Each structure stands twice: as C-alpha cells, then as structure tokens.
*Asks:* 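Structure in structure tokens, see below.
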Number of protein chains: 2
Amino acid sequence: MNPIGNLNKIFESRIRLGVMSILMVNSEVNFNDLKQMLEVTDGNLASHLNTLEENGYIKVYKGFIGRKTNTTYAITTSGEKAFKGHLTALEHMIRFTK
Amino acid sequence: MNPIGNLNKIFESRIRLGVMSILMVNSEVNFNDLKQMLEVTDGNLASHLNTLEENGYIKVYKGFIGRKTNTTYAITTSGEKAFKGHLTALEHMIRFTK
DNA sequence: TTTAGTAGCTTTGTATTGCAAAGTGCTTTT
DNA sequence: AAAAGCACTTTGCAATACAAAGCTACTAAA
C-alpha cells in the first residue's frame, strides 16, 4: 500500500477534522458551540456535519432546553475508529515513509 | 485562536501531504519515483508539485542522467518548518481541544 | 402586538479544486 | 522506424467549499 492509501478522504477538510477532534474529547457539543469554536458560518458547518453524519461518524440528537430547540452532536464508535485510523495512518506516513 | 486555525491549508491534500512526508525523509526524489510511491497520474502529481513549489515548500532540480532529463525534488527549510508546524498544530488540535 | 433575535438549518450561486485524459517534445529502447 | 518513457502542460469536467440569503419555529423585548 502506498503511504497515503490509508488516509481517510473525509478527514481532508480542516473543519471536519476540527469537529471530530472536538467530539473526541467532548461527549456532546451543540451546534452553536461548534460554530463558535471553529469560527465558521452556520451553513458551512451544517454541510460538514451532514457529510460526517452521512458517513456514520457522528450522530445527531435533536432535543430541547426548556422549550427551545437544542441540537447536539456526538461521535459514534465507528467515527472514533475511523478518526483513530486516520491518525495512525498519518503517523505511519510521516515516520515510515522511505 | 480556534483549534483549526494553525492547520496549513496547503496540507489538506493527501497527495501534497504524501510528497512532503516523503521529502522529509528522502533528501532528493525524482518525479517518477514520487509518482510510483504515491500511485497518482503524472498530471495530477505535477500540479500538486507545482503548488508546493509556488509556496516555497519544495525546490526543483532539473538535471540530466546522461542526456536524459531527470527532475528531482527536495524539501526547503521553509517547507520543513511549515510541515512541522502543521504537524504540531494537528497534535495540539487533537490533544488540547476542550 | 408588532418587532427583534436566536437556533439550526436549506437553498442558491460562485469560485476553487481535483483529477483524468490527451497532447507535447525530447530520449531511449526495440 | 516504431514504440515507449520522462516530465511535464493543457483541456475539460465533476466535485467541493464557502458565503450569503432565505426559512422555520421558536422566545424575548418594547
């Protein structure tokens, strides 16, 4: 296998990378917090969250705080696996390329 | 600064990432070897090498082996710095995002 | 009760990028 | 002489990325 073959195409985007790393250490984060942490427009964030969800890497919880809508996002076990896999692929690429 | 702010946009591409990591450990690599290592089409590789060069991250040596052209690529000190910077930004993003 | 604001989107439109494929000029191999 | 390889450039298309605007369903302020 070539050195870049195990890199995950989904994680070529910094915003998706950022979402994943935030969700690796925070079990649940809502839309607005993600938006502020990453400093992106809401439309842009929504579309990236969408592709992460389509790939089964995050799951979405639509809930309420009182009577106000509150959408939170969490990483799935498959997402965790994929992200870790990507990171080790990165490491291998950097360390063992010869 | 937000967690993705220090990631280098140039290194969002796996091919460019691959080139850089190859050139981090191999002082000079020619076009064809890069092409085979990364398993990409020559046109595609050429364009990625071009953006890396335009950004001053690699330098190009056009030489000959006998009378046959031989182009080799090497990382620049600025490229090394940028790449290392990207890697530490990645690490920080992953470890300290909170 | 109008007005304004917030959350979390979707839609629209544009600009950028990624890529394969084909073409180029040279050289080497057969 | 024909075929193939090297290191590209050009062409053209398809897939992103992104901002901005619109939209829904609320809540809060005046």
Side-chain angles (χ1 to χ4, degrees), chain A residues 2-23 26 28-55 57-75 86, chain B residues 2-5 7-20 22-23 26 28-55 57-75 86:
Chain A
N2 73 58
I4 62 176
N6 287 320
L7 295 178
N8 190 327
K9 209 155 185 254
I10 301 296
F11 302 140
E12 280 189 59
S13 147
R14 26 225 275 285
I15 296 177
R16 290 194 296 265
L17 259 184
V19 169
M20 291 302 283
S21 58
I22 288 169
L23 295 184
N26 301 85
E28 274 192 42
V29 183
N30 69 29
F31 186 87
N32 213 38
D33 286 348
L34 281 176
K35 183 182 153 187
Q36 283 170 1
M37 283 169 151
L38 297 170
E39 295 176 34
V40 287
T41 57
D42 50 1
N44 193 9
L45 177 59
S47 76
H48 284 297
L49 289 171
N50 209 32
T51 73
L52 287 174
E53 199 201 350
E54 278 169 11
N55 283 272
Y57 292 165
I58 62 171
K59 56 199 164 193
V60 184
Y61 301 104
K62 282 169 191 293
F64 293 88
I65 290 182
R67 290 169 61 193
K68 205 174 167 186
T69 56
N70 184 61
T71 310
T72 61
Y73 300 86
I75 203 164
H86 180 74
Chain B
N2 73 56
I4 61 176
L7 295 179
N8 190 327
K9 211 161 183 245
I10 301 296
F11 302 141
E12 281 188 60
S13 146
R14 24 228 276 284
I15 296 177
R16 289 195 295 264
L17 260 185
V19 169
M20 292 301 282
I22 288 170
L23 294 183
N26 300 87
E28 274 192 42
V29 183
N30 69 31
F31 187 87
N32 214 38
D33 285 348
L34 282 175
K35 184 183 152 185
Q36 282 171 1
M37 282 167 151
L38 298 169
E39 294 176 33
V40 287
T41 57
D42 48 3
N44 193 9
L45 177 58
S47 77
H48 285 297
L49 289 172
N50 210 32
T51 73
L52 287 174
E53 198 200 349
E54 278 168 11
N55 283 273
Y57 293 166
I58 61 172
K59 56 198 163 192
V60 184
Y61 301 104
K62 282 171 191 294
F64 292 89
I65 291 184
R67 290 171 58 195
K68 202 173 166 187
T69 57
N70 183 62
T71 310
T72 61
Y73 300 86
I75 203 165
H86 180 74

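Note that the coordinates shown come from a computational prediction; the quantities given were computed from them, not determined experimentally. A note on names: the letters A, B, ... follow the listed sequences, proteins ahead of strands, and every chain is numbered from 1.
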*Asks:* Between residues 43-50 of chain A and DNA chain D, which residues have a heavy-atom gap below 4.0 Å?
*Replies:* A:Asn44, A:His48

*Asks:* For residues A:Leu17 and A:Phe11, report the shortest heavy-atom separation together with the two atoms involved.
*Replies:* CG-O, 3.5 Å

*Asks:* Taking all heavy atoms of A:Ile22 and all of A:Val29, pick out the closest pair and write down the distance.
*Replies:* CG2-CG2, 3.9 Å

*Asks:* Please list every donor-acceptor pair under 3.5 Å in which a side-chain atom of residues 34-45 of chain B meets a protein atom from a residue at least two apart or in another chain.
*Replies:*
unit_1	atom_1	unit_2	atom_2	d
B:Asn44	OD1	B:His48	NE2	3.2

*Asks:* Between atom OG of B:Ser13 and atom CD1 of A:Ile4, what is the distance when rounded to the nearest 0.5 Å?
*Replies:* 7.5 Å

*Asks:* If you walk 5' to 3' along DNA chain D, what is the first nucleotide with an atom under 4.0 Å of a heavy atom in chain B, and what is the last?
*Replies:* D:dC6 to D:dT9

*Asks:* Does A:Lys35 reach a base, just sugar-phosphate, or nothing at all? Heavy atoms under 4.0 Å.
*Replies:* nothing

*Asks:* Whole angstroms only, please: what is the CD-P distance between B:Glu54 and C:dT17?
*Replies:* 10 Å

*Asks:* Could you state the atom-to-atom distance from CZ of B:Phe64 to C1' of C:dT28 in whole Å?
*Replies:* 14 Å

*Asks:* If you assign B:Lys9 and A:Thr72 each to the DNA chain C nucleotide with the nearest heavy atom, which residue ends up on the more 5' nucleotide?
*Replies:* A:Thr72

*Asks:* Side-chain N or O of A:Thr71 versus OP1/OP2 of C:dA7: is the shortest distance under 4.0 Å?
*Replies:* no

*Asks:* OP1, OP2 of C:dT6 versus side-chain N and O of A:Asn32: anything below 4.0 Å?
*Replies:* no

*Asks:* Write down the distance between NZ (B:Lys62) and C1' (C:dG25), rounded to a whole number of angstrom.
*Replies:* 13 Å

*Asks:* At less than 4.0 Å, is any side-chain N or O atom of B:Arg16 found next to OP1 or OP2 of C:dG18? Yes or no.
*Replies:* yes

*Asks:* For the residue pair A:Asp33 and A:Asn30, what are the closest heavy atoms and their distance?
*Replies:* N-OD1, 2.9 Å

*Asks:* Please report the distance, rounded to the nearest Å, between CG in A:Asp33 and P in C:dC9.
*Replies:* 14 Å

*Asks:* Measure from the side-chain heavy atoms of A:Lys68 and tell me the nearest of C:dA7, C:dT28, C:dG8.
*Replies:* C:dA7

*Asks:* Could you check how far CG of B:Asn30 sits from C1' of C:dT27, rounded to whole Å?
*Replies:* 16 Å

*Asks:* May I ask you to say what A:Tyr73 touches in the nucleic acid, namely base, sugar-phosphate or nothing, with a heavy-atom cut-off under 4.0 Å?
*Replies:* sugar-phosphate

*Asks:* Please report the shortest heavy-atom distance between B:Asn8 and B:His86, naming the atom on each side.
*Replies:* N-ND1, 3.0 Å

*Asks:* Decide, yes or no, whether a salt bridge links B:Arg14 with A:Glu12 under the criterion of side-chain N to carboxylate O below 4.0 Å.
*Replies:* yes

*Asks:* Ring centroids only, cut at 6.0 angstrom: are A:Tyr57 and A:Tyr73 within range, meaning strictly under it?
*Replies:* no

*Asks:* Taking all non-hydrogen atoms of both residues into account, name the closest pair between A:Arg16 and A:Ile10 and its distance.
*Replies:* NE-O, 2.7 Å

*Asks:* Round to the nearest Å and state the distance from B:Glu12 atom CD to C:dC19 atom C1'.
*Replies:* 17 Å

*Asks:* Over all heavy atoms of both residues, which pair between B:Met20 and B:Ile58 is shortest? Give the atoms and the distance, please.
*Replies:* SD-CG2, 4.1 Å

*Asks:* Nearest whole Å is fine: how far is C:dC9 P from A:Leu34 CG?
*Replies:* 11 Å

*Asks:* Report the distance from atom CZ of B:Arg14 to atom P of C:dG18, rounded to the nearest whole Å.
*Replies:* 11 Å

